[in-house]
Chemist: 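Can you keep this structure in mind? I'll have questions shortly.
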Amino acid sequence: THLVDGKVSDLPAQLVSDLARCDLAIHAGDVVSLATLEMLQQQAKSLVAVYGNMCYPEVRLRLGRREIVEISGRRIGVLHGDGGSSALAVARGAFAGERLDLVIFGHSHRRHQEQIGERLLLNPGSACAPRGDRRSYAVVRTQPEMSVDFVILD
């Protein structure tokens, strides 16, 4: 999100609506401020988030660098993706030895979906601060089969 002030009005209206309806919201880093983290927690029924390279120190104290969450029998790894040659390279090498169905990553602000064996790699893009692309996020359905729909904004 890269938002500092934590105002819900800075989020796209469709994203706010989808946050209220989803079972679990996942943020792949760069929440930036505690105000934004708390606003997202208020908008979503449940939120899993990791810190990214742009997060303020107080956010880094509240969030982990990576998380693993299970929902509907699907294991999902979440990380930001900074600290390597590319976010995609970091995501490809992350969670070695872990049985995961999905790895969600950010950092590049660019949509990406790639199946590697049994594991899906997903970058939802950025709903607030895209780089060279339109604003986006992803809606993942975990049952009966896992599916991804990108929501393209603007």
Side-chain angles (χ1 to χ4, degrees), residues 1-56 59-60 62-69 71-72 74-84 86-92 94 100-116 119-154:
T1 47
H2 281 268
L3 299 177
V4 174
D5 296 331
K7 296 186 298 190
V8 71
S9 60
D10 288 335
L11 295 177
Q14 187 174 352
L15 175 59
V16 173
S17 176
D18 282 345
L19 283 172
R21 288 195 316 260
C22 71
D23 294 324
L24 175 66
I26 296 177
H27 194 295
D30 286 348
V31 172
V32 178
S33 71
L34 279 181
T36 300
L37 177 61
E38 291 165 356
M39 177 268 294
L40 291 169
Q41 289 170 326
Q42 291 171 0
Q43 298 303 309
K45 294 176 192 171
S46 180
L47 176 72
V48 170
V50 296
Y51 72 78
N53 58 299
M54 299 300 291
C55 288
Y56 294 168
V59 173
R60 291 172 182 249
R62 292 257 298 265
L63 300 177
R65 181 95 171 128
R66 31 182 269 160
E67 294 288 338
I68 296 176
V69 62
I71 185 166
S72 302
R74 304 288 183 176
R75 288 178 44 87
I76 302 169
V78 185
L79 74 158
H80 185 56
D82 61 308
S86 73
L88 181 55
V90 171
R92 283 181 177 148
L100 296 175
D101 301 292
L102 173 63
V103 172
I104 298 175
F105 67 102
H107 189 58
S108 69
H109 299 222
R110 296 180 190 277
R111 289 183 303 282
H112 183 83
Q113 181 177 345
E114 176 180 1
Q115 188 76 42
I116 299 178
R119 184 179 288 186
L120 178 64
L121 298 180
L122 175 65
N123 186 325
S126 176
C128 299
R131 290 190 186 136
D133 208 352
R134 292 169 60 193
R135 297 181 308 155
S136 66
Y137 60 95
V139 175
V140 177
R141 287 171 182 78
T142 56
Q143 294 296 327
E145 298 297 321
M146 193 161 53
S147 66
V148 176
D149 292 311
F150 287 106
V151 179
I152 312 297
L153 303 163
D154 292 336

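We number each residue from 1, following the sequence as shown. What you are looking at is a predicted structure, and each value in this text was computed from that prediction instead of being measured.
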Chemist: Return the CG to CD distance between L19 and Q41, rounded to the nearest 0.5 Å.
Modeler: 12.0 Å
Chemist: Looking only at heavy atoms, what is the nearest atom pair of S46 and D23, with distance?
Modeler: CB-O, 3.6 Å
Chemist: Could you go step by step and tell me if L100 and I68 meet the side chain to side chain contact (heavy atoms under 4.5 Å, CB included) rule?
Modeler: CA-CA 9 Å; L100 296 175; I68 296 176; 3.9 Å; yes
Chemist: What's the separation between atom CG in L47 and atom CD1 in I26, rounded to the nearest 0.5 Å?
Modeler: 9.0 Å
Chemist: Could you walk me through whether L121 and L88 pass the side chain to side chain contact (heavy atoms under 4.5 Å, CB included) check?
Modeler: CA-CA 8 Å; L121 298 180; L88 181 55; 4.1 Å; yes
Chemist: Taking it one step at a time, do D82 and R65 satisfy salt bridge (charged side-chain N to carboxylate O under 4.0 Å, His left out)?
Modeler: CA-CA 10 Å; D82 61 308; R65 181 95 171 128; 3.1 Å; yes
Chemist: Nearest 0.5 Å, what's the CG-CD distance between L79 and E67?
Modeler: 11.0 Å
Chemist: With side-chain hydrogen bond (donor to acceptor under 3.5 Å, both in side chains) as the criterion, how do Y51 and D30 come out once you've worked through the C-alpha distance, each side chain's angles and the decisive distance to 0.1 Å?
Modeler: CA-CA 6 Å; Y51 72 78; D30 286 348; over 6 Å; no
Chemist: Measure the acute angle between the ring planes of H2 and H109, then classify it against the limits of 30° and 60° as parallel, tilted or perpendicular.
Modeler: tilted
Chemist: Under the 3.5 angstrom rule, does the side chain of R60 hit a backbone N or O of C55 as a donor-acceptor pair?
Modeler: yes
Chemist: Under the rule for side-chain contact (heavy atoms from CB on, under 4.5 Å), what residues qualify as partners of S72, not counting sequence neighbours?
Modeler: T142, Q143
Chemist: Let me see the working for V78 and F105 under side chain to side chain contact (heavy atoms under 4.5 Å, CB included), right down to the final yes or no.
Modeler: CA-CA 6 Å; V78 185; F105 67 102; over 6 Å; no
Chemist: Just wondering, do D149 and V140 contact through their side chains at under 4.5 Å, heavy atoms?
Modeler: no
Chemist: For the residue pair A127 and L15, what are the closest heavy atoms and their distance?
Modeler: CB-CD2, 3.8 Å
Chemist: Checking V103 against I76 for the side chain to side chain contact (heavy atoms under 4.5 Å, CB included) test, could you report, in this order, the C-alpha distance in whole Å, the side-chain angles of both residues, the deciding distance, and whether it holds?
Modeler: CA-CA 6 Å; V103 172; I76 302 169; over 6 Å; no
Chemist: Within the structure provided, determine whether V139 and V148 are in side-chain contact (heavy-atom separation under 4.5 Å).
Modeler: no
Chemist: Kindly indicate whether the side chain of M39, heavy atoms from C-beta on, has any atom under 4.5 Å from the side chain of L11.
Modeler: yes
Chemist: With heavy-atom distances below 4.5 Å as the criterion, would you say the side chains of D18 and Y137 are in contact?
Modeler: yes
Chemist: Looking at K7, I'd like to know if its NZ atom is crowded, meaning that more than 12 non-hydrogen atoms belonging to other residues, nucleotides or ligands lie closer than 6.0 Å.
Modeler: no
Chemist: Identify the heavy atoms of A28 and I104 that sit nearest to each other, and give their distance.
Modeler: CB-CG2, 4.1 Å
Chemist: With a 4.5 Å heavy-atom cut-off, do L24 and K45 have their side chains touching?
Modeler: no
Chemist: Do V32 and Y56 come within less than 4.5 Å of each other through their side chains, counting heavy atoms only?
Modeler: yes
Chemist: Among all residues two or more places apart in sequence or in another chain, which pass the ring pair (Phe, Tyr, Trp, His ring centres under 6.0 Å) test with H27?
Modeler: none
Chemist: Would you say L63 and V50 make side-chain contact, with heavy atoms under 4.5 Å?
Modeler: no
Chemist: Between H112 and F150, what is the shortest heavy-atom contact and its length?
Modeler: O-CZ, 4.0 Å
Chemist: What residues form a salt bridge (charged side-chain N to carboxylate O under 4.0 Å, His left out) with R131, not counting sequence neighbours?
Modeler: none
Chemist: Which heavy atom of S86 sits nearest to which heavy atom of A89, and what is that distance?
Modeler: OG-N, 3.0 Å
Chemist: With side chain to side chain donor-acceptor pair (under 3.5 Å) as the rule and sequence neighbours excluded, what pairs involving residues 119-128 come up?
Modeler: S108-N123
Chemist: Contact between T36 and V4 at the side-chain level, heavy atoms closer than 4.5 Å - yes or no?
Modeler: no
Chemist: Just jot down the salt bridge (charged side-chain N to carboxylate O under 4.0 Å, His left out) partners of R66, sequence neighbours excluded, or say none.
Modeler: none
Chemist: Distance from H107 atom NE2 to N53 atom CG, nearest 0.5 Å?
Modeler: 5.0 Å
Chemist: Please indicate whether M54 has more than 12 foreign heavy atoms, meaning atoms of other residues, nucleotides or ligands, lying under 6.0 Å from its CE.
Modeler: no
Chemist: Between atom CZ of R92 and atom CD1 of I116, what is the distance when rounded to the nearest 0.5 Å?
Modeler: 5.0 Å
Chemist: Only counting residues at least two apart or in another chain, list the ones meeting side-chain hydrogen bond (donor to acceptor under 3.5 Å, both in side chains) with S17.
Modeler: R21
Chemist: Mind listing the closest non-hydrogen atom pair of L153 and P12 along with its distance?
Modeler: CD1-CG, 3.5 Å
